[in-house]
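Taking it in order: structure first as structure tokens, then the write-up.
Both counts, for ligands and for their atoms, begin at 1 and track the order of listing.
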Amino acid sequence: MELADLGWDDGWAAALAAHPGLTAARVAVEHRGAVEVLDPSGSFWAEPTGKMFFDAGDKRALPAVGDWIAVADADVARTTGSRAPLRAVLPRRSCLVRRAAGEREAPQPIAANVDVAFIVTSANQDLNLRRLERYLFAVRDGGAAPVVAINKADLVDDPGALRARVVAVAGDAPVLTVSARRGDGIDGIAGFLGRGRTAVVIGSSGVGKSTLVNALAGQELQATQAIRGDDDKGRHTTTRRELLVLPHGGVLIDTPGMRELQLWSADDDPTFDDIAAIAAHCRFADCRHRREPDCAVEAAVKAGTLAPERLASYHKLADELDARAQRERTPRPKRRR
Ligand code: GDP
Ligand code: ZN
């Protein structure tokens with residue numbers, strides 16, 4: 001393997017030149033306080049320096065899956081199992097950020113340096129165009145190019161009609177109908193990949209993301225990409241590598257954060273631009289438009305200039321985001337295989 005197989009190019013080499021004496025590696029798994037990284041010789045652990053933690057205004061300054069990092073003593077870390085000092089995160093070209101709903105919630109990077117995001121929907125489920133718009137917005141906002149994959153096309157008679165409805169909201173994003181299970185259309189998806197490209201797969205649970213990842217990566221490859229490491233208590237654990245190098249070239253990032261993603265907040269959502277414009281006149285900047293004093297949004301509903309259903313669907317999204325943020329604050333059990 002070469003660095004280029006992991007997505008390295010001249011631009012990254014130029015960025016690394018600012019850090020003489022250090023070598024490059026790409027973050028494959030993020031843990032609290034440390035990362036598992038890959039370079040052409042294999043995997044090892046790296047740990048941001050105290051200064052990096054200290055200087056970080058929020059988590060965006062710390063390494064995320066997909067980041068290119070500059071480290072010292074990679075080979076020492078590899079052979080002894082120690083953590084290589086991670087001196088710098090090379091400036092990102094794109095970053096998908098999870099924004100939680102609560103005002104105090106800090107933004108959290110979940111995948112860096114992603115070129116393309118496959119937004120997967122399922123042909124046999126109710127098509128939620130609003131949700132799709134939110135995904136499209138979040139991906140573009142993070143600096144990546146969205147591609148919509150309508151999966152399970154084998155289950156419907158007329159995937160073309162469905163595709164037309166998606167095309168209507170997709171803007172410049174290509175829209176493909178596929179069957180991950182049968183392998184139909186996978187070549188079209190793979191066309192957006194290739195050596196030097198990095199992709200993520202996002203979408204609601206059950207739409208077929210794992211099946212698509214397996215179709216792209218091959219079952220065997222996924223199974224062999226587990227990493228052995230030590231957890232905090234010194235036990236051996238295996239984690240699933242969240243950055244896969246595909247057999248036909250390209251890198252696929254598949255993190256739990258990506259999957260359970262909540263990339264946006266109700267206020268960032270362009271779907272609610274009308275409400276955001278009125279909310280600028282609320283007395284409180286963080287007004288939730290739920291009986292706060294001098295709420296301009298509720299006043300607009302009363303005056304008949306804003307449909308009550310608009311505010312109701314805004315509240316519904318806000319509640320959904322709050323509930324998800326709540327769940328995410330409860331620690332997940334450690335993943336093992
Ligand atoms: P995920 O939660 O998005 O990762 O979804 P999975 O990949 O686990 O798939 C959910 C279910 O949908 C599984 O039972 C899959 O076998 C099934 N599935 C995935 N892709 C297809 C497809 O193209 N056609 C059909 N008929 N079923 C599929
Ligand atoms: Zn208000």
**Q.** salt_bridge(Arg78, Asp75) N-O dist < 4.0 Å
**A.** yes
Q: Mark yes when over 12 heavy atoms from residues, nucleotides or ligands other than Arg291 sit less than 6.0 Å from its CZ; otherwise mark no.
A: no
Q: Scan side-chain atoms only and decide if Thr198 and Arg26 contain a donor-acceptor pair under the 3.5 Å cut-off.
A: yes
Q) Can you list the ligand 1 atoms lying under 4.0 Å from a non-hydrogen atom of Ser179? A) 22 (C), 23 (O), 24 (N)
Q: Have a look at Leu216 and tell me which of Val213, Asn214, Leu212 forms a side-chain contact (heavy atoms from CB on, under 4.5 Å) with it.
A: Leu212
Q. His289: which N/O/S atom is nearest the Zn ion (ligand 2)?
A. ND1
Q | Ionic contact status for Arg310 with Asp274, cut-off 4.0 Å | A | yes
Q) Do Leu193 and His248 touch side chain to side chain, with heavy atoms closer than 4.5 Å? A) no
Q: Provide the number and element of each atom of ligand 1 under 4.0 Å from a heavy atom of Leu155.
A: 26 (N)
(Q) Within rounding of 10°, what is the angle whose vertex is the Zn ion (ligand 2) and whose arms end at SG of Cys295 and SG of Cys282? (A) 120°
Q: Using a strict 4.0 Å cut-off to heavy atoms of Asp154, name the atoms of ligand 1 that fall inside it.
A: 22 (C), 23 (O), 24 (N), 25 (C), 26 (N)
**Q.** Nearest neighbour of atom 2 (O) of ligand 1 from the list Gly183, Gly206, Ser210, Ala215, on a heavy-atom basis
**A.** Gly206
**Q.** Gly208 N/O to ligand 1 N/O under 3.5 Å
**A.** yes
Q.
Regarding ligand 1, does Arg181 bring an N or O atom to under 3.5 Å of one of the ligand's N or O atoms?
A. yes
Q. Looking only at distance, does Ala153 have an N or O less than 3.5 Å from an N or O of ligand 1?
A. no
(Q) For Asp55, is the CG atom crowded, meaning more than 12 foreign heavy atoms sit under 6.0 Å from it? (A) yes
Q) What part of Thr211 sits under 4.0 Å from ligand 1 if we count only heavy atoms: the side chain, the backbone, both or neither? A) both
